[in-house]
Amino acid sequence: MSDAVRLASGVLIFICAILTMISSGFIWLLVIVGAVIMQSAFTGFCPITMLFQKLNLFTDK
């Protein structure tokens with residue numbers, strides 16, 4: 001699951017960076033994604049992990 005979370009985080013940051021090149025208003029999306037990733041390191045609460053668990057994706061067997 002850890003690899004899947006890192007992959008999803010990287011993809012989100014990459015998409016946000018591309019969107020920021022299109023319109024500078026998307027910088028706030030990049031800031032929010034970065035803040036959520038940082039808070040998950042401290043609290044253990046990770047929305048991507050919760051989403052993967054609900055969808056039964058990348059579950060450890």
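Bear in mind the structure is a predicted one, so any value in this text is a computation, not a measurement.
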Are the side chains of Leu12 and Ile37 in touch, meaning some heavy atoms are under 4.5 Å apart? no
Does Val11 share a hydrophobic cluster with Ile22, counting links as ILVMFWY side-chain heavy atoms below 4.5 Å and allowing steps through other members? yes
Which atom pair, heavy atoms only, marks the closest approach of Phe45 to Met50? CE1-SD, 3.1 Å
Which heavy-atom pair separates Phe52 from Val5 by the least distance, and what is that distance? CE1-N, 4.2 Å
Tell me whether Trp28 shares a hydrophobic cluster with Ile13, the cluster being built from Ile, Leu, Val, Met, Phe, Trp, Tyr side chains joined at under 4.5 Å. yes
Establish whether Ile15 and Leu7 are linked, either directly or via other cluster members, by ILVMFWY side-chain heavy-atom contacts under 4.5 Å. yes
Identify whether Leu30 and Val33 are in the same connected component of the hydrophobic contact network (ILVMFWY, side-chain heavy atoms under 4.5 Å). yes
Can you hop from Phe42 to Ile48 via hydrophobic side chains spaced under 4.5 Å? no
